[in-house]
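Okay, so here's the structure we're looking at.
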Amino acid sequence: MEEIVARIAELKGELNAVILAHNYCLPEVQDVADYVGDSLGLSIKASTTDADVIVFCGVTFMAETAKILSPGKTVIIPDPAAHCAMAAMCTPEQIDRVRSENPGAEVVGYVNSTAACKARMDVCCTSSNAVEIVNGTASDRVIFVPDRNLGTYVASKCPGKEVVLWNGFCPIHQAITVGQVSELRDRFPGAPVVAHPECRTEVLDMADHIGSTEKMISIARSSDSDDIIVLTEVGMRHRLEAECPGKRFHFPEHAVCSAMKMADLRSIVSCMEGMSNRMELDPEMLDRAYAPVKRMVG
Ligand code: 13P
Ligand code: SF4
């Protein structure tokens with residue numbers, strides 16, 4: 001383990017590389033990363049870094065977003081098969097169709113989507129700025145793709161907007177049920193419930209706080225409770241425990257995103273040594289996706 005960690009540090013220096021990792025990644029991956037965060041934080045880092053190479057530990061849409069924001073940089077991903085299941089639930093052709101069915105409506109797209117879909121959006125958003133982005137659109141009618149749960153949550157916070165929903169969802173968050181939350185509440189009475197907005201509406205209705213993975217960490221830090229129920233992917237435990245010593249975090253069972261666990265120390269070394277798994281995107285698509293993604297990072 002020590003040897004491989006040392007090799008990664010050496011490669012980082014040789015390549016002038018930065019390692020970015022999502023909050024759901026394996027603990028040992030988070031520990032070698034230069035920055036760990038939510039989708040918005042990672043996108044901002046990718047757009048501002050002065051490194052030549054970005055090693056993106058996360059799912060492919062995240063590495064694609066980094067490439068869209070920093071087209072001149074080399075973006076590599078430890079495992080190019082790490083696809084987000086929700087991102088596969090919407091295609092560019094479907095966006096074109098729903099747009100033609102709703103003339104005048106702006107298309108707001110969750111960052112959990114393919115680069116080809118981003119190229120068809122008016123503006124992109126993450127779970128941490130979706131409400132702000134939808135509220136800031138010029139049209140009264142907004143098409144929100146692909147997450148129907150996040151879309152429903154956003155619509156409830158944007159009463160002035162008519163939100164046309166898409167039927168995508170995250171299978172991991174969708175699998176968290178009211179029954180599981182009730183059980184956790186019975187086991188840990190008084191513990192606040194913190195939920196990711198990708199959860200079902202009826203689950204969000206049971207939450208005391210709703211926010212992105214990064215927001216969850218700040219909520220946990222400022223909470224008075226030593227027990228906190230966390231409704232999201234279990235990879236969050238690593239940072240929560242590191243940043244909130246003494247607090248205990250309780251997750252629903254089986255909340256594991258296998259795509260987020262595909263980057264490991266070996267695959268990081270291997271892609272850095274071979275400079276392999278480069279994120280390459282069609283130049284026209286890259287160009288079209290830039291404006292909506294740039295609007296997302298501000
Ligand atoms: P965050 O932007 O909140 O980190 O969410 C990313 C994600 O994939 C949640 O499932
Ligand atoms: Fe996609 Fe869900 Fe995994 Fe997040 S947790 S990357 S939304 S499949």
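Every number for a ligand or one of its atoms is a count from 1 in the order of the listing.
- Closer than 4.0 angstrom to ligand 1 by heavy atom are H22, Y24, D38, S39, N112, S127, H173, H196, E198, S212, T213, sorted by chain and number.
- One hydrophobic cluster holds both W166 and V164 under the rule that ILVMFWY side chains link at heavy-atom gaps under 4.5 Å.
- Between F56 and V75, the shortest heavy-atom contact is CB-CG1, 4.4 Å.
- D34 and K45 are not joined by a salt bridge, as no carboxylate oxygen comes within less than 4.0 angstrom of a charged side-chain nitrogen.
- N277 places a side-chain N or O within 3.5 Å of a backbone atom of P78 that can act as its donor or acceptor partner.
- Counting only N and O atoms by type, the side chains of S267 and D264 include a donor and acceptor under 3.5 Å apart.
- Counting heavy atoms from C-beta outward, Y24 and T232 have side chains that approach closer than 4.5 Å.
- Listing protein N, O or S atoms at distances below 2.8 Å from atom 2 (Fe) of ligand 2, with waters left out, gives C170 SG.
- Under the 4.0 Å criterion applied to side-chain N and carboxylate O atoms, R7 and E273 are assigned as salt-bridge partners.
- Using a 3.5 Å distance cut-off with no hydrogens or angles, the side chains of S128 and T126 do pair a donor with an acceptor.
- Under a 4.0 Å N-O distance rule, the pair D208/R185 does not qualify as a salt bridge.
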